[in-house]
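Beneath this line is the structure, given in structure tokens, with notes to follow.
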Amino acid sequence: MKDRIIECAKACDADIVGFASADRFDRSDALFRIFPDVKTVIGLGFRVLRGSMRGVEEGTTYYQYTTMGVENLEETVMPMALLRVSALLEAEGYLALPQRRNPLILNEEGTTNPEVDYTDVVHGVKAEAQLDFLSCAVKCGLGEESRIHTLLTPEYGPFVRYCFVLTDAEIEPTEQRIPSLCDGCGECMRACPGHAISEDGTCDTWRCAVYYNGAAGRKNPFMPPDALLDFDDRLAIIDGSAEMDPAKARDIIDHLYFYPPAKHFYRTSICGRACDRACYIHLEEKGVLTKSFRTKFREGEDWQLSDTQFTTLTREKPWEFTKQ
């Protein structure tokens, strides 16, 4: 059964498959509210194509990461794999509950999901129990938890998304990985254009959303010179140093839609997951990733635009840029 599940999942484009027995979870876990009789959690990991990140890395094209690395994986590829694996289990007489992340429902109050429009996010849906996806991925042996609470896999580093199937079939578990990838270097935190990640690895999701959507002028080729003129601290926002609370973050985001969203409510990532790219580059340079490529992901220095176009504008004289 285990071999057949792995074969089925990989035929549906899963790159990593892992299994966790239910006894790896505390009985208070949401897992048992979702499926009290669960015996095994099957984890499916899907690489985010390295090539889909290249456009943002080089500042040439931005749509591919969001459409191919987020939208199509989450809305097409991963659901099909979940359905196929679940159908295989049910054909053998077992129950199978596919579990994909709901990007619009958050368990933590006062947070948002940078990948979607904040107006679509819902909190406090008590009847909607959701798995702790990161914890499940680690318990299934897909990878390890990083300093900033993301999943790192030996094959693809942070370039991975994942989902699960819960079943009452008893399947031999995969060994959990011994943490060895994250060395606490902090490159992920330093790469964030909005300084949204604190030293303890906690991410301010509202601040993250602001810069995910493109508030950093030096990293956003679509930002017009007169962007954010309604804000007294526009230059601080543009260079990533502005102070902000959730209300201000929402106001800023409402002024940032310079690039169209993807079809399924996903916001186009202008930062291109700068944290993940920096992490990947570090892991690649250390030579610890098992999947190698003919060329380095980043060759040379990271690019940035001049902020001169923003500093020559004022609210009183917004025409100065066009005169120069």
Side-chain angles (χ1 to χ4, degrees), residues 20 22 25-36 38 41-46 48 65-67 69-83 85-86 95-140 142 145 148-151 158 160-167 196-197 201-213 245-247 249-250 253-254 256-257 261-269 271 273 275-276:
F25 299 81
D26 188 271
R27 290 301 302 184
S28 63
D29 197 285
L31 172 69
F32 298 103
R33 297 199 301 276
I34 296 168
F35 188 7
V38 62
V41 179
I42 304 170
L44 308 179
F46 300 78
V48 175
Y65 165 65
T66 303
T67 57
V70 181
E71 180 185 43
N72 279 292
L73 276 183
E74 292 283 351
E75 303 296 331
T76 303
V77 178
M78 292 162 65
M80 181 57 68
L82 287 172
L83 288 170
V85 170
S86 297
L95 289 175
L97 279 67
Q99 297 288 302
R100 57 175 294 233
R101 195 190 306 268
N102 188 328
L104 303 180
I105 297 179
L106 300 182
N107 293 332
E108 301 83 6
E109 294 291 339
T111 61
T112 191
N113 179 357
E115 292 187 336
V116 301
D117 193 317
Y118 74 83
T119 62
D120 292 326
V121 172
V122 177
H123 294 88
V125 184
K126 302 303 182 185
E128 181 71 8
Q130 286 207 80
L131 296 175
D132 181 332
F133 268 58
L134 177 58
S135 174
C136 283
V138 171
K139 287 181 169 66
C140 285
L142 300 184
E145 183 175 356
I148 61 171
H149 314 297
T150 57
L151 184 70
V160 65
R161 300 184 81 92
Y162 43 95
C163 53
F164 304 94
V165 175
L166 314 183
T167 180
I197 308 171
T202 302
C203 179
D204 180 336
T205 58
W206 282 106
R207 193 175 187 91
C208 174
V210 167
Y211 292 92
Y212 185 95
N213 278 278
D245 57 15
R250 289 190 287 269
I253 292 169
D254 289 342
L256 289 179
Y257 291 159
K263 183 177 180 181
H264 294 94
F265 57 70
Y266 291 103
R267 302 305 309 174
T268 299
S269 178
C271 82
R273 288 288 180 189
C275 52
D276 284 350

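Here the structure is a predicted model, which means the values were calculated and not measured.
Residues satisfying the side-chain hydrogen bond (donor to acceptor under 3.5 Å, both in side chains) test with Asp26, not counting sequence neighbours, are Ser28. Judged as a side-chain contact (heavy atoms from CB on, under 4.5 Å), and not counting sequence neighbours, the contacts of Pro158 are Leu152, Asp276, Cys279, Tyr280, Leu283. Listed by chain and residue number, Glu74, Glu115 satisfy the salt bridge (Lys or Arg N to Asp or Glu O under 4.0 Å) test with Arg161 (two or more places apart in sequence, or in another chain). Not counting sequence neighbours, the partners of Pro246 by the side-chain contact (heavy atoms from CB on, under 4.5 Å) test are Trp206, Arg250. In this view, Thr76 satisfies the side-chain hydrogen bond (donor to acceptor under 3.5 Å, both in side chains) rule with no residue, not counting sequence neighbours. Residues forming a side-chain hydrogen bond (donor to acceptor under 3.5 Å, both in side chains) with Thr150 (at least two apart in sequence, or on another chain): Ser146. The side-chain contact (heavy atoms from CB on, under 4.5 Å) check on Asp254 picks up Tyr118, with sequence neighbours excluded. Here Cys140 pairs with Ala20, Val41, Leu142, Phe164 under the side-chain contact (heavy atoms from CB on, under 4.5 Å) rule; sequence neighbours left out. Qualifying salt bridge (Lys or Arg N to Asp or Glu O under 4.0 Å) partners for Arg267, counting only residues two or more places apart in sequence or in other chains: none. For the side-chain hydrogen bond (donor to acceptor under 3.5 Å, both in side chains) test, residues two or more places apart in sequence or in another chain that qualify with Ser135 are Lys139.
Shortest non-hydrogen contact noted between Asn113 and Pro103 is ND2-O, 3.1 Å. Of all non-hydrogen atoms in Phe133 and Arg100, the two that sit nearest each other are CZ-C, 3.4 Å. Val38 and Leu31 get closest at one heavy-atom pair: CG1-CG, 3.8 Å. The nearest pair of heavy atoms linking Leu106 to Val121 is CD1-CG1, 3.6 Å. Among all heavy-atom pairs drawn from Thr112 and Thr205, the shortest one is N-OG1, 3.1 Å. The heavy-atom pair separating Cys208 from Cys203 by the smallest distance is CB-SG, 3.7 Å.
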Evaluation steps, side-chain contact (heavy atoms from CB on, under 4.5 Å), between Met78 and Tyr162: CA-CA 8 Å; Met78 292 162 65; Tyr162 43 95; 5.5 Å; no

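The side-chain heavy atoms of Pro114 and Tyr211, taken from C-beta on, include no pair separated by under 4.5 Å. Ile197 places a side-chain heavy atom less than 4.5 Å from the side chain of Cys275.
Put simply, the side chain of Gln130 gets close to the backbone of Ile105: a donor and an acceptor are under 3.5 Å apart.
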